[in-house]
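Within every chain, numbering begins at 1; the chains are lettered A, B, ... in the order of the sequence lines, protein sequences first and strands thereafter.
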Amino acid sequence: MDDQTRMLTGLTGLAGLAQADVGDQDSVRKQQSLGQPQQDIGDILQQIMAITDESLDEAQARKHALNCHRMKPALFSVLCEIKEKTVLSIRGVQEEDPPDPQIMRLDNMLLAEGVSGPEKGGGSAAAAAAAAAAGGSPTDSSIEHSDYRAKLAQIRQIYHSELEKYEQACSEFTNHVMNLLREQSRTRPISPKEIERMVAIIHRKFSSIQMQLKQSTCEAVMILRSRFLDARRKRRNFNKQATEVLNEYFYSHLSNPYPSEEAKEELAKKCAITVSQVSNWFGNKRIRYKKNIGKFQEEANLYAVKTAVDAANVSAQASQANSPATPNSGGYPAPCYTPDGRL
DNA sequence: CGGGATGATTAGTT
DNA sequence: AACTAATCATCCCG
């Protein structure tokens, strides 16, 4: 505010100077008669120095007098016109305001993440969808999920309060500048159009600040996401029954442990996991089995027995050549199956 | 707590 | 697109 008043008094002072030049016949005559450039400069300097000694009341009086001058409106409009033609025409060229693709991307992400969207529902729904996509079973994810939601809500709250602060600051500043320009338009050629443009410039500046806020919010959300929703970080072992089903399939197809797409789907359904989890499991199992067959020997025997028993139970009548464990002519060595191993 | 087990991810291959 | 091999990050048991 100090700047503003200082600026205004300074300007009105200059206005007063101008008026003094026009109105004071004595000084005009003095300048004409002396004709010395040095005298002129000295005179002007004298007047400038005098401005600082003027009281505010004097200055206001001069300002008022200037405003009431009959030539003022005409002069003002002419000056505005000239200014429009020169300075503003250059600035006017870069007036286009294309929707920044980056800010659009950020907006979309914040919306998708539930940070900038409607209050509660969107966020949790998105998070739940993400959790489900990550493959977590719906029961065990709830605890960490609530933690995640709390953190997300925190980010969201910070985001909104910051945004509000920015918006308030922006409108406050805009108002301030508009008032200032309106005030100055009494003494300087400032057209409403120029004020409008100035407002646009301010908004652009503030939106770039907003973009920074959005960017950092996005970053925070991404970190939170990777911290909480990265499936690796909340890995749960499959339950015993699921592992059993998978192992059963694996060891009964040891010669070719590559389940078809349908088989994977079937296994996934049986184990209450996703198809890609089945694929992961088989990938891991194959490589780990191959790497250290000895270590898996016991397990292999166990499941070989199990499947053998199952096969015997299921096809009791046509049992001889139909055991699934028998076709073993491929990549993986057969388990060292010992029929007498503890049953 | 340390280390093996294990589910997920990733780079590279076929 | 599916697979291998290596690796990561976590689980979990002694």
Side-chain angles (χ1 to χ4, degrees), chain A residues 109 112-113 124-152 154-155 218-307 324-325 327-338 341-342:
Chain A
M109 193 200 141
E113 226 53 61
S124 59
S137 62
T139 44
D140 65 13
S141 65
S142 55
I143 299 160
E144 289 159 70
H145 188 195
S146 71
D147 203 1
Y148 171 81
R149 236 168 32 199
K151 288 269 176 22
L152 188 68
Q154 202 180 325
I155 289 174
C218 273
E219 232 166 79
V221 170
M222 289 309 265
I223 290 165
L224 184 70
R225 241 172 174 293
S226 68
R227 179 85 185 77
F228 279 88
L229 295 181
D230 186 346
R232 272 201 291 206
R233 290 183 187 276
K234 60 174 186 102
R235 181 179 69 76
R236 287 284 123 88
N237 291 355
F238 300 151
N239 61 43
K240 215 166 165 88
Q241 184 253 336
T243 314
E244 209 148 292
V245 169
L246 293 167
N247 271 318
E248 220 165 276
Y249 188 98
F250 180 78
Y251 286 112
S252 64
H253 297 75
L254 202 53
S255 59
N256 185 34
Y258 296 87
S260 64
E261 194 58 34
E262 297 94 74
K264 281 184 195 169
E265 278 166 26
E266 173 110 15
L267 287 165
K269 202 156 69 176
K270 259 199 240 177
C271 302
I273 57 178
T274 67
V275 172
S276 57
Q277 281 179 304
V278 172
S279 297
N280 284 339
W281 190 91
F282 272 88
N284 284 323
K285 191 72 183 180
R286 278 191 299 262
I287 196 71
R288 284 164 186 164
Y289 180 83
K290 199 176 93 171
K291 240 179 178 172
N292 192 351
I293 295 170
K295 201 172 67 184
F296 289 91
Q297 205 57 247
E298 204 180 325
E299 192 179 63
N301 292 341
L302 188 77
Y303 282 101
V305 169
K306 203 176 280 203
T307 50
N328 185 20
S329 58
Y332 290 85
C336 198
Y337 173 44
T338 49
R342 308 177 298 104

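For the pair Asn247(A) and Leu302(A), the minimum side-chain heavy-atom distance is 4.5 Å or more. In this structure, His253(A) and Pro259(A) have side chains that are not in contact, with every pair of non-hydrogen atoms separated by 4.5 Å or more.
Of the side-chain N and O atoms in Arg236(A), one or more sit less than 4.0 angstrom from OP1 or OP2 of dC11(C). Look at Gln277(A) and you won't find any side-chain N or O under 4.0 angstrom from OP1 or OP2 of dG7(B). For Lys285(A), no side-chain nitrogen or oxygen approaches OP1 or OP2 of dG7(B) to under 4.0 Å. A sub-4.0 Å separation between OP1 or OP2 of dA8(B) and a side-chain N or O of Asn280(A) is present.
For Asn237(A) and dA8(B), the CG to P distance is 10 Å, given to the nearest whole Å. Atom P of nucleotide dT4(C) and atom CZ of Phe282(A) are separated by 12 Å, given to the nearest angstrom. With rounding to whole Å, Trp281(A) atom CH2 is found 12 Å from dG7(B) atom C1'. dC12(C) atom P lies 13 Å from atom CZ of Phe238(A), rounded to whole Å. Spacing between atom CG of Asn256(A) and atom P of dT4(C) amounts to 10 Å, rounded to whole angstrom units. Following rounding to the nearest Å, Lys295(A) (NZ) and dA5(B) (C1') show an atom-to-atom distance of 8 Å. Nucleotide dG4(B) holds its P atom 13 Å from the NZ atom of Lys291(A), rounded to whole Å. The distance between atom OH of Tyr289(A) and atom P of dA5(C), rounded to the nearest whole Å, is 15 Å.
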Listed pairs, N/O of protein and of nucleotides 1-3 of chain C, under 3.5 Å:
| unit_1 | atom_1 | unit_2 | atom_2 | d |
| --- | --- | --- | --- | --- |
| dC3(C) | OP2 | Lys264(A) | NZ | 3.2 |

Contacts under 3.5 Å, N or O only, protein and nucleotides 12-14 of chain B:
none

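At a cut-off of 3.5 angstrom, counting only N and O atoms as typed in the model, there is a donor on one side and an acceptor on the other between the side-chain of Asn284(A) and the base of dA8(B).
Mapping Gly283(A) and Arg288(A) onto DNA chain C by nearest heavy atom places Gly283(A) at the nucleotide closer to the 5' end.
Less than 6.0 angstrom separates the ring centroid of Phe282(A) from the ring centroid of Tyr249(A).
Sorted pairs that involve residues 247-262 of chain A and meet salt bridge (Lys or Arg N to Asp or Glu O under 4.0 Å), not counting sequence neighbours, are lacking altogether.
With sequence neighbours excluded, the residues that form a side chain to side chain donor-acceptor pair (under 3.5 Å) with Asn237(A) are Arg235(A). With sequence neighbours left out, Glu299(A) forms a salt bridge (charged side-chain N to carboxylate O under 4.0 Å, His left out) with Lys285(A). Applying the side chain to side chain donor-acceptor pair (under 3.5 Å) criterion to Glu244(A), with sequence neighbours excluded, gives Lys306(A).
Closest non-hydrogen pair, Thr243(A) versus Tyr303(A), comes out as O-OH, 4.3 Å.
Ring orientation note: the planes of Tyr251(A) and Tyr289(A) are nearly perpendicular, at an angle over 60° on the 30°/60° scale.
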